[in-house]
Novice: 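Take this structure first; my questions come after.
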Amino acid sequence: MTADDSYGRLDDDNFPAYTMGRAAEMLGTTQGFLRAIGEARLITPLRSAGGHRRYSRYQLRIAGRARELVDQGTPIEAACRIIILEDQLEEAQRINAEYRRTAQSENPTAAA
């Protein structure tokens with residue numbers, strides 16, 4: 001990979017660009033918090049060639065959501081479960097809306 005390729009990937013929300021230390025600093029939390037949400041399987045950081053955890057911007061957004069809930073007094077395991085369930089609900093609603101659009105386009109009179 002060339003330097004140009006690396007710079008282009010920084011725009012990718014899923015590119016694991018942040019070390020654990022930098023991720024914790026950006027979130028205003030501890031590395032232990034990031035380990036805990038990893039153990040709860042909320043996020044799974046990628047590993048560098050040397051085995052160090054690397055986080056993407058997408059993962060940092062999820063970790064930030066967890067931190068907000070924990071800061072409000074929610075236990076970390078419950079916060080992780082809430083976020084997982086919220087994401088599952090959002091996906092189910094998206095799929096349901098897609099099915100409705102498909103059904104309406106196949107039978108426009110039944111949608112009334």
Novice: Heavy-atom count around Gln88 CD within 6.0 Å, excluding the residue itself: above 12?
Specialist: yes

Novice: Counting N and O atoms only, with roles assigned by atom type, does the side chain of Gln59 sit under 3.5 Å from a partner on the main chain of Thr44, one being a donor and the other an acceptor?
Specialist: yes

Novice: Donor-acceptor check, side chain of Thr74 to backbone of Ala78, threshold 3.5 angstrom: yes or no?
Specialist: no

Novice: When rounded to the nearest 0.5 angstrom, what distance separates CD1 in Ile37 from CG in Leu42?
Specialist: 5.5 Å

Novice: Return the minimal non-hydrogen interatomic distance between Val70 and Ala79, and the atom names on each side.
Specialist: CG2-CB, 4.0 Å

Novice: Arg100: which residues meet the salt bridge (charged side-chain N to carboxylate O under 4.0 Å, His left out) condition with it, sequence neighbours left out?
Specialist: none

Novice: Excluding sequence neighbours, so at least two apart, what forms side-chain contact (heavy atoms from CB on, under 4.5 Å) with Leu89?
Specialist: Gln93

Novice: List for me each residue that meets side-chain contact (heavy atoms from CB on, under 4.5 Å) alongside Arg53, sequence neighbours excluded, and say none if there are none.
Specialist: Met20, Arg35, Pro45, Arg47, Tyr55

Novice: Run the side-chain contact (heavy atoms from CB on, under 4.5 Å) test against Glu86 and tell me which residues pass, sequence neighbours left out.
Specialist: Arg65, Ile82, Ile83

Novice: Would you compute the distance between atom CZ of Arg54 and atom CZ of Arg22 and round it to the nearest 0.5 angstrom?
Specialist: 12.5 Å

Novice: Could you state the interatomic distance from CG (Leu69) to SG (Cys80), rounded to the nearest 0.5 Å?
Specialist: 9.0 Å

Novice: Please name all residues satisfying side-chain contact (heavy atoms from CB on, under 4.5 Å) with Asn14, sequence neighbours left out, ordered by chain then number.
Specialist: Asp12, Tyr58

Novice: Any chance you could measure Leu60, atom CG, to Asp13, atom CG, to the nearest 0.5 Å?
Specialist: 10.0 Å

Novice: When rounded to the nearest 0.5 angstrom, what is the spacing between CZ in Arg81 and CD1 in Ile76?
Specialist: 15.5 Å

Novice: I need the Tyr18 OH to Leu27 CG distance, nearest 0.5 Å.
Specialist: 10.5 Å

Novice: Go through the structure and list residues passing salt bridge (charged side-chain N to carboxylate O under 4.0 Å, His left out) with Glu91, not counting sequence neighbours.
Specialist: Arg94

